[in-house]
Amino acid sequence: MELEQEVKIIGADLEKIETYIKNNGGIYLGEENQVNILINSKSHPIKSDLGYFRIRITHFVERNEDKIELTFKERVKDDVFRKSKEHTVVIDKLSPMIETLRLLGYDSFEETKKNRRSYKFRGARFDFDTHEKTVLPYPYLEIEVKDKNKLDAILKELDIKDEYVSTLSIKELIEKVKS
């Protein structure tokens, strides 16, 4: 189980931020094409304040490799970060996993696709995400850091204003766009 602490940057000039990272020592980690399947149940729904359940199929572009993971992202309350405990298992076949989940009563499988480019910079991870326009019409940046001081220093260096910083989950962002 891994504790994840992150914020999303929405509405800032992401191209400018990515260029700055590249030109100032950022380490390119790679590009991924992902299919994320959000899982839920009408009879026993998972409430947003508890977390969310997903299957992620990741295609690592440069290595031409695929990985499938089943994750429950348990939400941890925090005023600064979006914190989650990630309970993840690697699965080798998608179909039997979906069949098993259906047998357990999960009947909602919402599929979204996104592209991700990732970097390490100043001890933090930066993920530049672009979803299908019909799902989320704008790109965003996730910054995963260890503590608030590190986040504040990064936001200052990159000239990212507070109004661009969000702790909403992807599920919450998609729901906000739908409403």
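All figures in this text were calculated on a predicted structure; none of them were measured in a lab.
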Taking NZ, NE, NH1 and NH2 as the nitrogens, is one of them in [X] or [Y] under 4.0 Å from a carboxylate oxygen of the other?
| X | Y | answer |
| --- | --- | --- |
| E6 | K8 | yes |
| R117 | E31 | no |
| K114 | E132 | no |

Exercise. Other hydrophobic cluster members with V89, side-chain heavy atoms of Ile/Leu/Val/Met/Phe/Trp/Tyr under 4.5 Å, chained?
Worked result: V35, I37, I39, I46, L50, F53, I55, I57, I68, L70, F72, I91, L94, M97, I98, L101, L104, Y106, F109
Measure the spacing between [atom1] of [X] and [atom2] of [Y] and express it to the nearest 0.5 Å.
| X | Y | atom1 | atom2 | value |
| --- | --- | --- | --- | --- |
| N149 | K146 | CG | NZ | 15.0 Å |
| K156 | L158 | NZ | CG | 12.5 Å |
| F121 | N24 | CZ | CG | 5.5 Å |
| D129 | L136 | CG | CG | 9.5 Å |

Heavy-atom side-chain proximity of [X] to [Y] below 4.5 angstrom:
| X | Y | answer |
| --- | --- | --- |
| L151 | V7 | yes |
| I9 | F128 | no |
| K148 | D152 | yes |
| D49 | K77 | yes |
| K16 | T19 | no |
| I17 | L141 | yes |
| K120 | L29 | yes |

For this session: Evaluate the criterion side-chain hydrogen bond (donor to acceptor under 3.5 Å, both in side chains) for residue pair Q34 and H59; output intermediate values, then yes/no.
Result: CA-CA 6 Å; Q34 298 179 356; H59 176 73; over 6 Å; no
Problem set entry | Working for side-chain contact (heavy atoms from CB on, under 4.5 Å), residues R82 and S169 | CA-CA 7 Å; R82 169 157 183 79; S169 71; 3.1 Å; yes
Problem set entry | Derivation of the side-chain contact (heavy atoms from CB on, under 4.5 Å) call for N36 and E111 | CA-CA 6 Å; N36 291 290; E111 187 175 298; over 6 Å; no
Return the minimal non-hydrogen interatomic distance between [X] and [Y], and the atom names on each side.
| X | Y | answer |
| --- | --- | --- |
| E175 | S48 | OE1-OG, 4.4 Å |
| V145 | A124 | CG1-CB, 3.4 Å |
| V90 | K67 | CG2-CE, 4.0 Å |
| G105 | S41 | O-OG, 2.9 Å |

For this session: Verify side-chain contact (heavy atoms from CB on, under 4.5 Å) between H87 and K73, making sure each step is shown before the conclusion.
Result: CA-CA 6 Å; H87 307 270; K73 289 188 78 156; over 6 Å; no
For this session: State which residues pass ring-ring contact (aromatic ring centres under 6.0 Å, His included) with Y138; sequence neighbours excluded, sorted by chain then number.
Result: none
Exercise. Around E15, counting heavy atoms of other residues, nucleotides and ligands shown, do more than 12 lie under 6.0 Å from its CD?
Worked result: no
Exercise. Got a donor-acceptor contact below 3.5 angstrom from the S84 side chain to the E86 backbone?
Worked result: no
For this session: Determine yes or no for a side-chain-to-main-chain donor-acceptor pair under 3.5 angstrom, with N33 supplying the side chain and V61 the backbone.
Result: no
Exercise. So T71 and R56, side-chain contact (heavy atoms from CB on, under 4.5 Å) or not? Walk me through it.
Worked result: CA-CA 8 Å; T71 301; R56 173 174 285 166; over 6 Å; no
For this session: Would you check, one step at a time, whether the test salt bridge (Lys or Arg N to Asp or Glu O under 4.0 Å) holds for E172 with R75?
Result: CA-CA 12 Å; E172 291 166 328; R75 190 163 196 174; 2.7 Å; yes
For this session: Please work out which of the three classes, parallel, tilted or perpendicular, describes the rings of H131 and Y140, given edges at 30° and 60°.
Result: parallel
For this session: Only one of F126, Y28, Y20 passes ring-ring contact (aromatic ring centres under 6.0 Å, His included) with Y119; say which it is.
Result: Y28
Exercise. Can you check side-chain hydrogen bond (donor to acceptor under 3.5 Å, both in side chains) on S118 and R125, steps first, answer last?
Worked result: CA-CA 7 Å; S118 301; R125 182 181 172 107; 3.1 Å; yes
Problem set entry | Evaluation steps, side-chain hydrogen bond (donor to acceptor under 3.5 Å, both in side chains), between N115 and T130 | CA-CA 5 Å; N115 175 269; T130 304; 5.3 Å; no
